[in-house]
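The model shown is predicted, which means the values in this text are computed figures rather than measured ones.
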Amino acid sequence: MKKSVVAIASAVVLVGAYAGTTFVVGKQVGQRSQEAWDRLAARTDVVRVVDRQFKGGFMGSSEHVTLAIGCEPEVVDGVPMGSKPVQIKIRTDYRHGPIAGGQLALGSATTQVEEWPLTAQAPLKMLFGDRAPVEVKTVFGFGGKASSTLTVGAVEFNDPSSHVKTTPLVVSADVDGQGRLHGYRLRWDEVNAKFQGEKAGELKVSGVDFSATTQPLGTSPWLYGGDGTGVIRQVTFTPQAGSTAFALNDLKIKSHTGVQGETLEASTEMSAALKVGEIDIERIEAKSGYKGLNLKALDEVMNIAMKSDLRCKTIKEEDPVKRLAELQASVGKLLTGKPEFSLDYLKVTHKGQTGQIAYSLAADGLTADDLQTGAANPMALMNKLVVAASLDVPEALVHSLGEAVAKQIGQPYQKEAVSGSIQQGVVMGMITNDKGRIKSDISMKKGAVTVNGKPMPIPGMGAAPAPAMSDAPAAPGQ
């Protein structure tokens, strides 16, 4: 008997505790939702809440929000000079924790659009039929974090000139308690579009998958760093007639953005196989990036630009000259870190032969004043730029690609003329031809230009001597 009483009492305590917890987290869900709308208002009023109705419950809550998108038009002589903002009505259903979405959580939510603007209803009906165009599912963590998944529904429609069919587009994202992004993933399995008429053919895109881990940089809500990867398995266009077939296979992308000291650096690598008509590029690879951008100045630029662009009042009333001056001042500060932009390499492989090009452009001592006076004195501006470029291509690749392009356009390939142009470049000192490899190295520093180690005077650049090759900037990848 005593055991039964204890069991019943324990059950009552557990139910009471769960009910109490559910009530508490239900209130927190409402607060979190209001905080999210407040953050939107702090960032922009181009999209704004004009009505919000939150109804709390024991196990769940609901929220109805009406958003206005756009700015009120200026009225001149009683006539609106533009379109009025459009409205969209959104409904969110919340399920309270501590168990929500099949896991321990503050709560979960499902958000759908209840009413689209009138101008959008017919196009959405054509694309999605009776299916919901967009749905967002969110799980709210106890530590302030949230994970959301946005799904754009599958599209299928026909008209006399085209037929389009897609799988759903799915985007998931993780944010912290301040609404800052900490990671995302985008997936789109397949897109298929068939076209009729002069450009008749079929376009296919498959295996799109991009993801990244991110972290905020600076104070701007738009400035992030992190590491990302992306894959597109295939993009093809198959023409019926009169057009050129196209195929991009196994596109892979890798990126990184981070902070080095007080400056920002980033790099992006990609590789793929490409075929255009009968021109078969077995592999194309590239790496590019930048470094030395002053992070604090970039933060200022982002805040100035986005604050102006995302406020109705500033869009209408701001002084464009003043805004430009503010941006110029911040852009000038970007140069204090001696920024450098580079294409580390672009490699192309065709019929087993690989050639590559590379270049870099850096600013050395460039100031905001130089930028303002650059139009009047471009040579002085050039004196503060450091440039390097290189070329390394097998002569056999030049001819094999030339033959392929000539065949593609239905013209004979003029091999003797191309060989003559290569020889002329060698005689002029612009390129070298070492055992069938065409090479060139160009550098410019303090207005002095060298080509393949020899000075080349440039009119208007002054008589500054060419730097020794040991001092000249090397092209990326060299």
Nearest 0.5 angstrom please: K338 NZ to D364 CG, how far?
4.5 Å

Go through the steps to decide whether T149 and S172 satisfy the test side chain to side chain donor-acceptor pair (under 3.5 Å), and finish with yes or no.
CA-CA 4 Å; T149 300; S172 57; 5.0 Å; no

Under 3.5 Å: donor-acceptor pair, side chain of T138, backbone of A109
no

Give, for atom CG of D392 and atom NZ of K347, the distance between the pair rounded to the nearest 0.5 Å.
10.0 Å

Donor-acceptor pair between E190 and N192 side chains, under 3.5 angstrom
no

Between F341 and L293, does a side chain to side chain contact (heavy atoms under 4.5 Å, CB included) hold up when you go through it step by step?
CA-CA 10 Å; F341 303 86; L293 281 180; 4.3 Å; yes

I'd like to know if the side chain of S61 reaches the main chain of Y94, judged simply by a donor and an acceptor atom lying under 3.5 Å from each other, with no hydrogens or angles considered.
no

d(K254 NZ, S271 OG) to nearest 0.5 Å is 11.0 Å

Which atom pair, heavy atoms only, marks the closest approach of R131 to A154?
NH2-O, 3.0 Å

Heavy-atom neighbours of Q408 CD exceed 12 at 6.0 Å
yes

Above 12 or not: heavy atoms from other molecules or residues under 6.0 Å from CD of E35?
yes

Examine the side chains of S62 and D93 and answer whether a donor and an acceptor come within less than 3.5 Å of each other.
no

Check L248 against A272 and note the closest heavy-atom contact, atom names and distance.
CD1-CB, 3.7 Å

Kindly determine whether E114 and H64 satisfy side chain to side chain contact (heavy atoms under 4.5 Å, CB included), including the steps that lead there.
CA-CA 9 Å; E114 283 190 307; H64 296 262; 3.0 Å; yes

Minimum heavy-atom distance between T167 and W188, given as atom pair plus value
O-NE1, 2.8 Å

To check you understand the geometry: which heavy-atom pair defines the closest contact between V164 and A193, and what is its length?
CG2-CB, 4.0 Å

Go through the steps to decide whether S108 and K137 satisfy the test side chain to side chain contact (heavy atoms under 4.5 Å, CB included), and finish with yes or no.
CA-CA 7 Å; S108 62; K137 292 184 179 293; over 6 Å; no

CA sep, side-chain torsions, deciding dist, call: V86, W116, side chain to side chain contact (heavy atoms under 4.5 Å, CB included)
CA-CA 9 Å; V86 297; W116 293 91; over 6 Å; no

In terms of heavy-atom contacts, Q87 and P117 come closest through O-CG, 3.4 Å

Answer whether the closest heavy-atom distance between the side chains of K351 and E282 falls below 4.5 Å.
yes

Would you find a donor on one side and an acceptor on the other, under 3.5 Å apart, between the side chain of Q234 and the backbone of A247?
no

Minimal heavy-atom distance between H350 and A404, with the atoms involved, is NE2-CB, 4.2 Å

Out of curiosity, L223 CG to Q215 CD, how far, rounded to the nearest 0.5 Å?
10.5 Å

Neighbour count above 12 (heavy atom, 6.0 Å) for Q121 CD:
yes

E63 side chain to R52 backbone, donor-acceptor under 3.5 Å:
no

Roughly how far apart are F157 CZ and H163 NE2, rounded to 0.5 Å?
9.0 Å

Mind checking whether L169 and L186 have side chains closer than 4.5 Å, heavy atoms only?
yes

Taking the side chain as every heavy atom from C-beta outward, state whether D174 and K145 have any atom pair closer than 4.5 Å.
no

Atom pair CG/CG of L67 and D51 - distance to nearest 0.5 Å:
10.0 Å

Do any N or O atoms from the side chain of T257 and from the backbone of G226 form a donor-acceptor pair under 3.5 angstrom?
no

Could you tell me whether the side chain of K252 reaches within less than 4.5 Å of the side chain of E269, counting heavy atoms only?
no

Side chain to side chain, R91 and Q112, heavy atoms closer than 4.5 Å
no

Check: P239 and F246 side chains under 4.5 Å, non-hydrogen atoms:
no

Within a strict 4.5 Å, meaning less than it, do heavy atoms of the T244 and F237 side chains meet?
no

Donor-acceptor check, side chain of R233 to backbone of V205, threshold 3.5 angstrom: yes or no?
no

Between T111 and T92, is there a side-chain donor-acceptor contact under 3.5 Å, judged purely by atom types and distance?
yes

What residue among V155, T151, D189 forms side-chain contact (heavy atoms from CB on, under 4.5 Å) with P168?
T151

Would you mind reporting whether F195 and Q240 have side-chain heavy atoms less than 4.5 Å apart?
no

